[in-house]
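First the structure, in the form of structure tokens, and then the observations on it.
Worth knowing before you read on, the calculation uses all heavy atoms, side chains too, and leaves out hydrogens, waters and symmetry mates. Keep in mind it's a predicted model, so treat the numbers as computed, not measured.
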Amino acid sequence: MTTDTTGTVARDGESRPGGPADSPFIRACRRRPGPHTPVWFMRQAGRSLPEYREIRATVPMLESCRRPDLVTEITLQPVRRHGVDAAILFSDIVVPVAAAGVDLDIVPGTGPVVAEPIRTAADVQRIRLITREDVSYVDEAVRQLVAELGDTPLIGFAGAPFTLASYLVEGGPSRTHAKTKALMYGNPELWHALCGRLAEVTLAFLRVQIDAGVSAVQLFDSWAGALSEADYRRFVLPHSTAVLSGLANAGVPRIHFGVGTAELLGAMGEAGADVVGVDWRTPLDVATGRIGPDKAVQGNLDPTVLLAPWQVVEAEVRRILEQGKAAPGHVFNLGHGVLPETDPEVLTRVVALVHEVSSRRADQG
């Protein structure tokens with residue numbers, strides 16, 4: 001028997017009724033029936049919300065991620081406004097590598113910028129392993145949020161080793177990942193050393209969140225779609241597997257997500273997650289065939305659809321819910337993050353529509 005950090009006790013993956021572990025979101029992640037299809041949005045706590053922009057007007061991104069009071073408030077904002085079925089911790093994927101000693105900043109309009117990109121084995125050695133004390137602000141924020149959220153589950157998250165490595169090698173965001181691939185192909189030993197160290201940092205970061213009480217975790221491999229399946233299997237899969245398998249006995253569902261990963265879905269499904277996130281390029285019924293029948297899926301409305309007239313949004317939501325029936329569990333989400341120009345009222349309407357349509361479907365079934 002393992003302790004489920006949502007406050008219930010799990011035996012062979014089954015949770016006792018009550019609390020976040022019995023929520024529609026966790027039930028879907030565990031491929032169990034629920035009252036409706038759960039819905040949350042990647043980047044739901046962010047620039048689409050005026051209340052978020054007000055808070056962030058004078059606070060740099062990394063500072064906001066290190067202040068438990070701000071993390072708590074920002075994380076709660078979309079739950080209050082939209083009525084989503086899960087909250088996701090407000091943070092950034094580079095928070096743990098900054099805690100591990102990497103000199104970086106999140107530059108407005110650009111993203112993470114690394115002062116000294118990784119080039120040598122000595123550079124890798126300077127990335128130290130992190131402890132709970134290194135990210136005590138995350139531990140504190142999660143504990144505050146769990147107390148505030150009640151029965152609403154909180155999702156913790158981290159960046160996958162490949163995506164983190166790409167930032168560290170490129171020195172910042174990249175469209176081609178040319179330096180990343182050059183290192184990967186040209187010096188595989190150094191590449192695996194870097195990703196192995198980042199897997200250790202990521203695993204430690206997720207364990208801190210789980211120990212503090214998150215109900216699920218998501219591993220973001222945002223840039224994995226830049227690779228072929230063969231390269232993914234050789235250079236990425238072992239390290240993502242190290243993270244996800246390292247949480248196999250943690251008692252919480254594990255979600256794995258990437259962008260542009262249509263040809264990688266089968267391989268990503270092998271990494272050890274319970275749920276595979278799917279971007280908008282692949283229909284959910286097709287994705288389920290590639291991932292296999294033993295995984296739930298998450299997704300996959302194109303974020304730009306939210307900028308279209310409501311009748312278009314409604315039709316797409318209904319289509320995705322219909323295609324999601326092919327999976328043994330479906331968490332409705334976008335195929336990537338909420339765009340800053342999105343009208344928050346549309347997000348609220350989508351949540352209501354997903355609940356309405358999927359509840360009616362359950363009543364009829």
Worksheet entry | Cationic N near anionic O, under 4.0 Å, E73 to R80 | yes
Item to complete: Evaluate the side-chain proximity of V169 to V114: yes if any heavy-atom separation is below 4.5 Å, no if none is.
Response: no
Discussion item. If you count heavy atoms of other groups shown closer than 6.0 angstrom to CZ of R31, is the number above 12?
Written reply: yes
Discussion item. Please say yes or no: joined through hydrophobic side-chain contacts below 4.5 Å, possibly via intermediate residues, are V113 and I106 part of one cluster?
Written reply: no
Discussion item. For G246, is there any backbone N or O sitting under 3.5 Å from a side-chain donor or acceptor partner on R207?
Written reply: yes
Worksheet item: Will you find, in the side chains of D285 and T288, an N or O donor that is under 3.5 Å from an N or O acceptor?
Response: no
Worksheet item: Do R81 and E51 meet the salt-bridge criterion of a basic N to acidic O distance under 4.0 Å?
Response: yes
Practice prompt. Assess the side chains of T37 and H330: does a donor N or O sit below 3.5 Å from an acceptor N or O?
Written response: no
Worksheet entry | Side-chain heavy atoms of F41 within contact of V350, under 4.5 Å | yes
Worksheet item: Do E148 and Q144 have side-chain atoms, one donor and one acceptor, less than 3.5 Å apart?
Response: no
Practice prompt. Flag the pair H256 / V275 as yes when at least one side-chain heavy-atom distance between them is below 4.5 Å, and no otherwise.
Written response: no
Worksheet, complete the sentence: Value for CG (D103) from CZ (R126), rounded to nearest 0.5 Å, stands at 11.0 Å
Worksheet item: Between atom CG of L104 and atom CG of L168, what is the distance when rounded to the nearest 0.5 Å?
Response: 7.5 Å
Practice prompt. Measure from the side-chain N and O atoms of R43 to the backbone N and O of G46, and report whether any donor-acceptor pair falls under 3.5 Å.
Written response: no
Item to complete: Tell me, with the steps shown, if K295 and D274 meet salt bridge (Lys or Arg N to Asp or Glu O under 4.0 Å).
Response: CA-CA 5 Å; K295 310 285 183 187; D274 306 287; 6.0 Å; no
Worksheet item: S64 side chain to M61 main-chain N or O, any donor-acceptor pair under 3.5 Å?
Response: yes
Practice prompt. Give a yes or no on whether the backbone of A178 and the side-chain of E170 come within a donor-acceptor separation of less than 3.5 Å.
Written response: yes
Worksheet item: Hey, are the side chains of L264 and D221 touching, using non-hydrogen atoms and a 4.5 Å cut-off?
Response: no
Fill in: Atom CD of Q311 with >12 non-hydrogen neighbours under 6.0 angstrom
yes
Practice prompt. Using atom types as modelled and distance alone, determine if a side-chain donor or acceptor of R66 lies under 3.5 Å from a backbone N or O of Y137.
Written response: no
Fill in: Any side-chain heavy-atom pair of L307 and E341 under 4.5 Å
yes
Discussion item. Donor-acceptor pair, distance only, cut-off 3.5 Å: does the side chain of N300 make one with the backbone of G277?
Written reply: no
Worksheet entry | V278 and L284, any side-chain heavy atoms less than 4.5 Å apart | yes
Fill in: Donor + acceptor pair across side chains of Q77, Q44 (<3.5 Å)
no
Worksheet item: Under a 4.0 Å N-O cut-off, is there an ion pair linking R318 with E314?
Response: yes
Fill in: Spacing of CD1 belonging to I55 relative to CZ belonging to F90, to within rounding of 0.5 Å
9.0 Å
Worksheet item: How about V142 and L89: do any of their side-chain heavy atoms sit closer than 4.5 Å?
Response: yes
Worksheet item: What orientation do F257 and F220 show, parallel under 30°, tilted 30 to 60°, or perpendicular over 60°?
Response: perpendicular
Worksheet entry | Test item: side-chain donor near acceptor, T342 and S48, under 3.5 Å | no
Item to complete: Give a yes or no on whether L306 and L339 share a hydrophobic cluster (residues Ile, Leu, Val, Met, Phe, Trp, Tyr; joining criterion: side-chain heavy atoms under 4.5 Å apart).
Response: no
Worksheet item: Heavy atoms, side chains only, cut-off 4.5 Å: are L190 and L194 in contact?
Response: no
Worksheet item: Looking just at side-chain N and O atoms, do Q323 and R319 make a donor-acceptor pair shorter than 3.5 Å?
Response: yes
Fill in: Side chain D279, main chain G260, donor-acceptor under 3.5 Å
yes
Item to complete: Answer with yes or no whether the side chains of H36 and D85 bring together a donor and an acceptor at under 3.5 Å.
Response: yes
Worksheet item: Taking it one step at a time, do R128 and D134 satisfy salt bridge (Lys or Arg N to Asp or Glu O under 4.0 Å)?
Response: CA-CA 11 Å; R128 59 183 178 80; D134 292 318; 3.1 Å; yes
Fill in: Enclosure of E54 CD (heavy-atom neighbours >12, cutoff 6.0 Å)
no
Worksheet item: If you measure only the distance, is there a donor-acceptor pair under 3.5 Å linking the side chains of D123 and T120?
Response: yes
Discussion item. Would the distance check show the side chain of R254 and the main-chain N or O of L244 forming a donor-acceptor pair, the cut-off being under 3.5 Å?
Written reply: yes
Fill in: S23 side chain to G19 backbone, donor-acceptor under 3.5 Å
no
Worksheet item: After noting the C-alpha distance and the side-chain angles of R233 and E229, does the key distance pass the salt bridge (Lys or Arg N to Asp or Glu O under 4.0 Å) rule?
Response: CA-CA 6 Å; R233 288 184 177 280; E229 182 184 356; 3.0 Å; yes
Worksheet entry | Y232 ring center within less than 6.0 Å of F162 ring center | no
Worksheet entry | Salt-bridge contact R132-D211 (side-chain N to carboxylate O under 4.0 Å) | yes
Practice prompt. Could you check whether the rings of W223 and Y167 sit parallel, tilted or perpendicular, using 30° and 60° as the cut-offs?
Written response: perpendicular
Item to complete: Without swapping roles, check the side chain of W191 against the backbone of F235 for a donor-acceptor pair under 3.5 Å.
Response: yes
Worksheet item: Any salt bridge between D139 and R143, counting N to O under 4.0 Å?
Response: yes
